[in-house]
There are 2 protein chains.
Amino acid sequence: MAKIKQIYFFGGGSAEGTAKMKELLGGKGANLAEMTNLGIPVPPGFTISTEVCGSYYTSGKKIPKELEPEVDQHLAKLESLMKKKLGDNDDPLLVSVRSGAAASMPGMMDTILNLGLNDKSVEGLAAKSGNPRFAWDAYRRFINMFGNVVKNVPHESYEHALSSVKKKKHTTEDTDLDTDDLKEVVRLYKEVYKKVTKQNFPQSPKAQLWAAITAVFDSWNNEKAIKYRTINNIKGLIGTAVNVQSMVFGNFGNDSGTGVCFTRDPSTGQNYFYGEYLMNAQGEDVVAGIRTPQKLSTLDKHNPVIYKSLVKFKELLEKHYRDMQDIEFTIEKGKLFILQTRNAKRTGAAAIKCAVDMAGEKLISIEEAIMRVSPDQLDQVFHPMIDPKAKKTVKVIAKGLNASPGAATGRIVFTADEAEAWVKAGKKVLLVRNETSPEDIGGMHVAQGVLTATGGMTSHAAVVARGMGTPCVAGCKELQISAKSLEIKGTVYKEGDEITIDGTTGEVFAGSLPLIQPKLSKELQTFLKWTDQVRLKAKRPGIKTDGIGIRTNADTPVDAKRARFFGAEGIGLCRTEHMFFEEDKIRIFREMIVAENASARKKALKKLLPLQKKDFKGIFREMKGLPVTIRLLDPPLHEFVPKTKAEVKEFAAEVGLDPLKLQAKIDSLHEFNPMLGHRGCRLGITYPEIYDMQVEAIISAACEVAAAGVTVIPEIMIPLVGTARELEILKINAVKVIEETLKRKKAKIKYLIGTMIEIPRAALTADAVAVHADFFSFGTNDLTQMTLGFSRDDIGSFLPQYLTDEIYSEDPFAAIDQTGVGELIKIGIEKGRKVKPELKIGICGEHGGEPSSIDFCFKTGMNYVSCSPFRVPIARLAAAQSVLKSRK
Amino acid sequence: MAKIKQIYFFGGGSAEGTAKMKELLGGKGANLAEMTNLGIPVPPGFTISTEVCGSYYTSGKKIPKELEPEVDQHLAKLESLMKKKLGDNDDPLLVSVRSGAAASMPGMMDTILNLGLNDKSVEGLAAKSGNPRFAWDAYRRFINMFGNVVKNVPHESYEHALSSVKKKKHTTEDTDLDTDDLKEVVRLYKEVYKKVTKQNFPQSPKAQLWAAITAVFDSWNNEKAIKYRTINNIKGLIGTAVNVQSMVFGNFGNDSGTGVCFTRDPSTGQNYFYGEYLMNAQGEDVVAGIRTPQKLSTLDKHNPVIYKSLVKFKELLEKHYRDMQDIEFTIEKGKLFILQTRNAKRTGAAAIKCAVDMAGEKLISIEEAIMRVSPDQLDQVFHPMIDPKAKKTVKVIAKGLNASPGAATGRIVFTADEAEAWVKAGKKVLLVRNETSPEDIGGMHVAQGVLTATGGMTSHAAVVARGMGTPCVAGCKELQISAKSLEIKGTVYKEGDEITIDGTTGEVFAGSLPLIQPKLSKELQTFLKWTDQVRLKAKRPGIKTDGIGIRTNADTPVDAKRARFFGAEGIGLCRTEHMFFEEDKIRIFREMIVAENASARKKALKKLLPLQKKDFKGIFREMKGLPVTIRLLDPPLHEFVPKTKAEVKEFAAEVGLDPLKLQAKIDSLHEFNPMLGHRGCRLGITYPEIYDMQVEAIISAACEVAAAGVTVIPEIMIPLVGTARELEILKINAVKVIEETLKRKKAKIKYLIGTMIEIPRAALTADAVAVHADFFSFGTNDLTQMTLGFSRDDIGSFLPQYLTDEIYSEDPFAAIDQTGVGELIKIGIEKGRKVKPELKIGICGEHGGEPSSIDFCFKTGMNYVSCSPFRVPIARLAAAQSVLKSRK
């Protein structure tokens with residue numbers, strides 16, 4: 001190695017590095033340098049560059065010769081600056097040795113604190129600090145950490161030694177140990193060290209230092225670090241830097257102290273100086289909760305000088321880093337040190353307020369403000385949450401999938417009918433089911449939340465609950481559900497018992513926990529308006545229309561209204577089948593299903609027509625001026641038939657059929673793999689009269705609503721198309737009905753006819769399909785099922801293992817599998833647009849509300865995404881962020 | 001139109017056209033010209049070219065001016081040659097006017113016979129023929145045909161008139177009408193004509209002729225003709241030709257006659273002159289069966305001169321057309337006319353003998369011989385068939401899918417157990433089930449044939465029956481099956497009643513019909529050897545190894561042996577799961593399934609290991625020297641569990657489990673969509689010990705068989721891979737077990753580890769998958785299911801409609817959907833070979849034995865196809881034909 005600078009000093013008001021030198025100094029080293037250069041009083045130290053680590057490895061794990069004199073020289077500089085010497089018997093300089101790579105790898109590499117202590121310097125520290133217990137405690141911690149990191153001495157061996165001392169003292173708490181006890185612990189620790197390493201614990205601070213540096217280098221290639229880099233796809237780094245930094249202590253007396261502060265309130269985002277501190281204490285005392293920390297505002301009274309500096313530094317740091325900071329500080333003998341600053345973790349509400357305020361303050365641009373709020377943070381503000389204080393006090397009794405966000409509390413009931421009965425009686429309920437089915441809709445609607453034992457993120461319960469905005473924990477395997485009770489790990493919860501679920505985390509709690517209700521602030525309105533400005537103006541090469549639209553999946557006027565409130569620009573998926581489950585329709589629909597022939601079928605459909613028309617009119621009115629994509633009947637007919645013997649008997653009586661014949665008809669509808677069966681447009685092909693009725697209902701409704709002066713934009717969507725010919729036939733049928741209806745109504749309505757692309761074959765032959773389509777809407781739920789060969793209802797038995805084995809990095813029903821399904825989507829879009837460059841393309845699967853999937857949709861050139869009403873704001877944000885990312 | 005020759009004459013020993021002028025003269029015209037030029041006595045006539053038809057349309061349906069004099073001129077030539085005049089009152093020339101395009105469009109366009117008859121010439125014909133009844137019958141037929149074709153006079157109107165005459169005569173048979181009756185019919189027909197057309201029936205033969213020519217031109221663009229061309233993708237033709245040909249009659253007296261002959265025996269292919277004739281008769285008399293025709297050999301005695309000419313012509317024609325001919329001839333007043341010759345339809349046995357013999361005679365090349373036998377014809381010779389004579393006498397009682405070829409007859413039974421019991425008692429049985437399941441294997445094995453009510457061409461019954469070579473009719477919807485009886489359209493068949501099924505056609509018959517058993521001739525051996533020579537030497541650009549191999553799907557030593565006999569060059573798919581259904585294994589396998597944990601599971605697997613090893617050894621021995629691809633466990637575990645309550649109870653007692661707990665365990669295995677559930681390599685990921693056991697059994701078996709000096713080539717195949725990572729994990733696991741086993745056995749065995757490509761995602765990401773694969777085997781059953789979104793068990797309710805609507809031209813489970821699934825296969829092969837150019841690629845779905853699919857596999861560059869043992873010869877032929885087609 002040629003003579004290259006290997007070490008970068010920081011301290012005494014300036015540093016050799018800067019924040020931009022992350023590659024060379026690692027994130028931590030660069031940040032310490034940056035703060036030092038800002039004039040922030042950072043405990044001084046020096047950073048050994050990542051290049052040294054690189055050459056350590058290329059030379060076969062040898063410390064470069066040239067490093068030693070350079071370390072000596074920088075250590076001397078540090079000692080002179082700190083006016084202390086490493087290993088000094090009276091007033092020893094103690095240092096920390098920490099790793100720090102260019103990419104953040106939290107907890108993956110090693111740290112050693114209090115380096116420089118030995119049997120002599122510990123006494124010096126005791127005297128100097130006036131706190132012998134602290135000194136000996138620091139020493140025993142150092143021996144533990146050093147042994148563990150440098151020599152792989154098992155943690156348990158030390159624990160064992162510590163326990164023996166505690167046992168003698170008849171206690172289980174560390175805090176009960178006095179100085180003498182700790183001296184005994186140190187003695188035992190040194191014995192442990194010797195036993196394992198066959199060496200004495202090193203007393204030379206220099207030897208300690210070199211061993212620590214080497215250990216940090218080695219930690220770069222330990223198993224967990226390598227794995228972490230593989231999983232997180234961190235490539236191209238040459239090694240870790242090593243930070244050697246002087247230690248400072250907040251427990252040197254009453255002129256010392258320690259604290260944590262935030263430049264703004266991380267709960268609300270309000271712009272005031274927020275924090276806590278403790279005098280004569282170490283950082284861990286603040287965290288441990290043994291002493292109650294004081295509010296930062298009181299520091300102004302106790303020590304206005306320190307407080308003013310702190311205020312000055314926090315303002316400097318926030319301005320410099322242009323974001324809310326989370327700052328750790330220590331006061332050692334009246335001198336303030338900033339140990340760390342980082343962007344503060346914050347609640348969703350705080351993130352939004354902060355972003356909007358900072359843009360208002362011109363601290364950041366509007367584009368930056370948009371990037372500052374994660375979709376998850378935005379989602380938080382729309383849902384009730386469990387009061388975090390209350391949550392801390394209780395235990396999670398079970399954990400399932402976080403299927404629909406928000407918290408809910410209520411009395412448990414086990415059937416949809418019970419749910420409705422209890423709610424009528426004025427009770428709040430949580431519906432608990434193995435899995436819900438379309439018949440449970442009523443009960444789900446009135447329940448505060450839904451908890452299921454089976455099913456994944458796209459199970460019926462999950463999809464419907466998300467659509468309704470009802471919190472839901474799904475696939476909670478620990479539940480054992482009987483008729484009127486629920487057993488979780490041996491504890492039985494009976495009907496009427498209260499429980500609480502957190503659909504945002506998937507947690508379940510016993511009892512009723514207090515909830516915090518969402519508030520929609522004016523900052524939120526501003527923020528979402530900003531996202532729209534960015535989103536709607538986006539230009540993409542080769543895409544004819546600007547921007548990417550956000551539509552919603554809504555089946556009812558109520559859903560439509562809610563979605564509009566959340567900013568939906570149209571309906572991307574209106575499922576007509578849910579309408580048929582309503583009480584007035586299911587009977588007629590069943591009549592249609594069991595009809596002996598087409599004419600009986602038509603008779604039943606004729607009765608259904610005005611009812612369905614009414615549904616559509618309601619939706620068209622709510623969505624006036626915006627497009628409404630209505631999907632024709634999709635699910636297999638057997639989903640609608642009576643299930644129990646009693647229901648069959650009752651229905652047979654109603655329609656005057658022999659119950660045995662009816663049962664036989666129902667049995668004949670059974671399918672081995674309903675997902676791959678007689679559904680979607682296959683129903684339209686075999687029973688054209690069903691689609692004819694639906695098309696007539698849509699267009700009549702559109703005419704009637706338009707006659708009242710409302711702009712109506714109906715888009716008819718044919719599901720489950722696998723061949724161009726299916727679409728061709730069904731489009732011809734539909735156009736015929738439409739033209740007849742318009743003629744009869746003497747009306748002109750613009751309409752589109754398009755198709756879902758949800759079968760792999762449709763994507764593969766999208767050029768042929770596009771000939772007959774005004775639009776494509778990717779149905780990525782089904783497309784995922786078929787492309788991956790997974791039924792979303794049946795993945796529970798192997799998906800967890802698949803995630804553990806990293807076969808899929810995420811549930812492919814939650815986030816689009818971009819490699820596999822994404823490839824098909826790309827093929828579909830490319831082939832479709834080759835034939836029709838202006839083809840409107842969107843997505844209406846569950847993925848339409850998931851940020852990484854939205855990003856994919858934007859990148860592949862889709863014109864809109866459609867998601868459940870409650871996801872609309874998230875989608876608006878995610879899409880805007882995609883636009884901004886694409887500009888880079 | 002410039003002066004272009006519009007009409008081509010044939011007759012008098014020479015013709016202006018040739019066989020090569022099909023574009024211009026149509027198929028029929030070109031063939032008539034060709035025969036004339038050969039010196040064959042064809043009734044003379046002329047052909048108006050297709051170009052005239054083209055200009056008829058481009059000029060807005062006008063007959064070109066120049067045509068009329070040219071027709072006159074050619075008609076005059078014809079009259080002079082025939083020494084008769086069109087419309088002559090004493091001896092009229094009669095002609096036929098027929099369409100004939102370049103592509104064959106049977107029955108799509110129009111024909112008019114006996115043109116030239118009118119109220120006067122009919123008397124001349126009566127006198128000249130000495131058969132007034134014939135003359136008047138000819139006239140009334142002409143009026144009917146002319147009115148129908150030229151003026152759209154409905155057929156029913158004529159029928160109505162005819163019926164009234166028959167009624168008067170108190171008869172229902174045409175043959176009971178005498179000359180006077182027919183005169184009355186003619187009168188009535190002319191009235192009908194007038195009533196509909198408001199014109200008299202044209203008496204001018206010239207007017208008749210021009211009307212007929214125009215009608216033929218018009219028929220080119222009638223609805224059914226256009227539709228026929230669309231469906232059959234016939235493009236680029238400008239129109240039809242019109243053939244005007246003199247009529248000859250075999251019923252002019254005892255010096256006249258008519259007959260049909262074949263140049264060889266169309267049943268056996270034997271080379272002797274085969275045919276039938278009748279003197280003083282029309283062609284339709286031979287067909288109608290009212291008089292018994294005589295064998296052609298007797299003609300030699302009755303009229304040696306005619307016979308000798310006939311022999312001369314048939315020899316000439318076979319030599320000229322270089323194929324067995326089916327020849328129609330008429331003798332008019334001692335003069336022989338050949339009316340038509342065409343390649344003869346023949347049985348499979350005849351096709352093979354003919355092809356081999358003709359190649360032996362150097363009439364055709366070996367390559368041509370290979371192309372002369374269709375795979376369906378070849379298939380015939382391997383299966384029993386219903387005696388065609390017997391078949392003519394009975395009615396089809398039901399029709400299903402022709403799921404496994406060959407005919408079978410036996411007593412019907414309704415469970416597999418009954419089948420075994422009846423067979424033990426010495427009876428032959430047909431197993432009738434709604435659908436079979438793996439537990440029925442025993443019963444299927446002993447049954448003569450299998451008949452099912454549900455399921456398609458790739459249902460369990462169909463797949464297993466084909467594998468066994470057992471005839472099967474599947475998905476026969478008319479069956480209504482009860483416990484001990486079967487109802488078909490109101491008729492009840494009880495257990496023990498005899499029925500017959502034809503698995504080649506899908507027909508079902510009551511009673512026991514006589515069967516003809518297959519014979520494997522020496523010509524067949526020769527023929528198949530020839531196909532292999534062509535097949536194995538095929539070279540394709542970019543494909544590293546020559547030829548395309550034929551492997552078999554075989555799960556047992558018996559299957560393996562049979563497949564080798566049929567010429568299989570390896571096993572492409574050995575399903576291990578069928579082995580587990582055998583009595584000695586199913587119990588242990590179930591023990592494994594219900595095991596509480598991995599160690600209990602391993603205990604059961606340990607018991608299974610020697611049994612499975614034994615199976616593999618048997619197969620390895622049979623296949624010595626050839627590769628054996630063994631697929632690890634594929635179906636979901638719930639397929640193996642006890643189904644009925646009684647079985648559950650019994651099994652619970654056997655393994656000492658609480659029946660309720662066992663039932664709960666079984667219930668927990670239930671899946672909504674088993675096809676998309678926890679199966680294939682997903683089992684290998686979640687229960688690695690299962691695959692470990694199987695791999696150990698395979699390799700131990702290979703070592704032990706190899707130790708006895710047998711060459712063993714095991715290929716381990718991982719099913720249902722959707723991601724490269726699955727294969728990576730499972731390959732690592734397998735290699736570990738293999739290396740341990742080889743070490744323990746102190747052996748070296750070459751082995752491959754590959755994967756099935758049967759999930760769309762695997763094809764889409766084949767480049768990543770190929771990294772870990774030694775071979776790909778396309779599992780096109782599953783790939784079709786997932787790409788098209790069809791469950792093969794559930795398509796019965798809509799596939800028939802889909803075929804009717806031409807959404808799919810064929811059942812996609814029978815022939816590969818080349819547009820959709822084929823596209824994925826191409827992507828898979830291209831991406832796979834991009835990473836590994838030498839990657840071995842095959843197919844092991846049901847499609848591997850279907851000719852159009854084999855052709856696709858050859859074209860896409862696969863190295864082998866694998867099919868059920870009985871399909872191996874068909875595959876050998878189909879592959880050879882693909883090779884030959886690709887050379888063009």
Side-chain angles (χ1 to χ4, degrees), chain A residues 454 636 664 668-680 682-683 685-686 720 722-726 728-729 758-765 768 782-798 800-802 805-808 812 817 819-824 827, chain B residues 435 454 636 668-680 682-683 685-686 720 722-726 728-729 758-765 768 782-798 800-802 805-808 812 817 819-824 827:
Chain A
T454 61
S668 77
L669 294 173
H670 170 78
E671 295 187 308
F672 296 97
N673 294 284
M675 206 59 77
L676 303 176
H678 194 173
R679 51 178 283 242
R682 296 163 196 171
L683 294 168
I685 295 284
T686 49
L720 216 73
T723 68
R725 177 91 178 118
E726 287 166 311
E728 182 184 17
I729 292 173
E758 51 187 336
I759 286 191
R761 195 183 191 281
L764 292 164
T765 61
D782 269 306
L783 194 60
T784 299
Q785 297 196 95
M786 292 173 199
T787 307
L788 273 49
F790 286 171
S791 155
R792 63 186 184 193
D793 295 320
D794 298 313
I795 47 169
S797 54
F798 55 92
Q801 184 70 42
Y802 267 52
D805 284 350
E806 288 148 26
I807 292 170
Y808 287 99
D817 158 41
T819 317
V821 177
E823 180 70 18
L824 264 189
I827 291 172
Chain B
E435 165 59 323
T454 62
S668 77
L669 294 173
H670 170 78
E671 294 187 308
F672 296 98
N673 294 283
M675 207 57 78
L676 303 176
H678 194 173
R679 51 178 283 242
R682 296 164 196 169
L683 294 169
I685 294 284
T686 49
L720 215 73
T723 67
R725 177 91 178 119
E726 287 165 310
E728 182 184 16
I729 292 172
E758 50 187 338
I759 286 191
R761 195 183 191 282
L764 291 164
T765 61
D782 268 307
L783 194 61
T784 299
Q785 296 197 93
M786 292 175 200
T787 307
L788 272 49
F790 286 171
S791 155
R792 64 187 185 194
D793 294 321
D794 298 312
I795 48 170
S797 54
F798 55 92
Q801 184 69 41
Y802 266 51
D805 284 349
E806 289 147 25
I807 293 170
Y808 287 98
D817 158 41
T819 317
V821 177
E823 179 69 18
L824 263 190
I827 291 172

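A note on names: the letters A, B, ... follow the listed sequences, proteins ahead of strands, and every chain is numbered from 1. Everything numeric in this text was worked out from a predicted model, so none of it was measured.
- Here B:Arg679 pairs with B:Asp634, B:Asp782 under the side chain to side chain donor-acceptor pair (under 3.5 Å) rule; sequence neighbours left out.
- Heavy-atom pairs under 4.5 Å with chain A peak, among B:Gly722, B:Gly789, B:Gly820, at B:Gly789.
- Contact of A:Ile759 with chain B is made through backbone and side chain together, with heavy-atom distances under 4.5 Å.
- Of the possible donor and acceptor atoms, none in the side chain of B:Asn673 sits under 3.5 Å from a partner among the backbone N and O of A:Ser791.
- Here B:Arg682 is the residue among B:Arg682, B:Gln801, B:His670 with the most heavy-atom pairs under 4.5 Å with chain A.
- The salt bridge (charged side-chain N to carboxylate O under 4.0 Å, His left out) check on A:Glu823 picks up B:Lys831, with sequence neighbours excluded.
- For A:Thr765, the part lying near chain B is the side chain, with the backbone staying farther off; criterion is any non-hydrogen pair under 4.5 Å.
- Across B:His678, B:Glu671, B:Met675, the residue that shares the most heavy-atom pairs under 4.5 angstrom with chain A is B:His678.
- Taking chain B as the reference chain and counting heavy-atom pairs below 4.5 Å, the highest number among A:Pro800, A:Pro674, A:Ala768, A:Gly677 is found for A:Pro674.
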Determine, step by step, whether B:Leu676 and A:Phe790 satisfy the side chain to side chain contact (heavy atoms under 4.5 Å, CB included) criterion, reporting the C-alpha distance in whole Å, the side-chain angles of both residues, the deciding distance to 0.1 Å, and the verdict.
CA-CA 5 Å; B:Leu676 303 176; A:Phe790 286 171; 5.7 Å; no
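- Interface remark: of the candidates A:Asp805, A:Val821, A:Thr686, A:Asp805 forms the most heavy-atom pairs closer than 4.5 Å to chain B.
- Proximity to chain B (any heavy atom under 4.5 Å) is shown, for A:Leu669, by neither the backbone nor the side chain.
- Heavy-atom distances place no part of B:Leu720 under 4.5 Å from chain A, backbone and side chain included.
- Proximity to chain B involves both the backbone and the side chain of A:Glu806, based on heavy atoms less than 4.5 angstrom apart.
- The pair B:Arg761-A:Asp817 counts as a salt bridge, with a side-chain nitrogen and a carboxylate oxygen less than 4.0 angstrom apart.
- Looking only at side-chain heavy atoms (C-beta outward), A:Ile685 and B:Tyr802 come within less than 4.5 Å of each other.
- Of all heavy-atom pairs spanning A:Pro760 and A:Thr787, the tightest one is CG-OG1, 3.9 Å.
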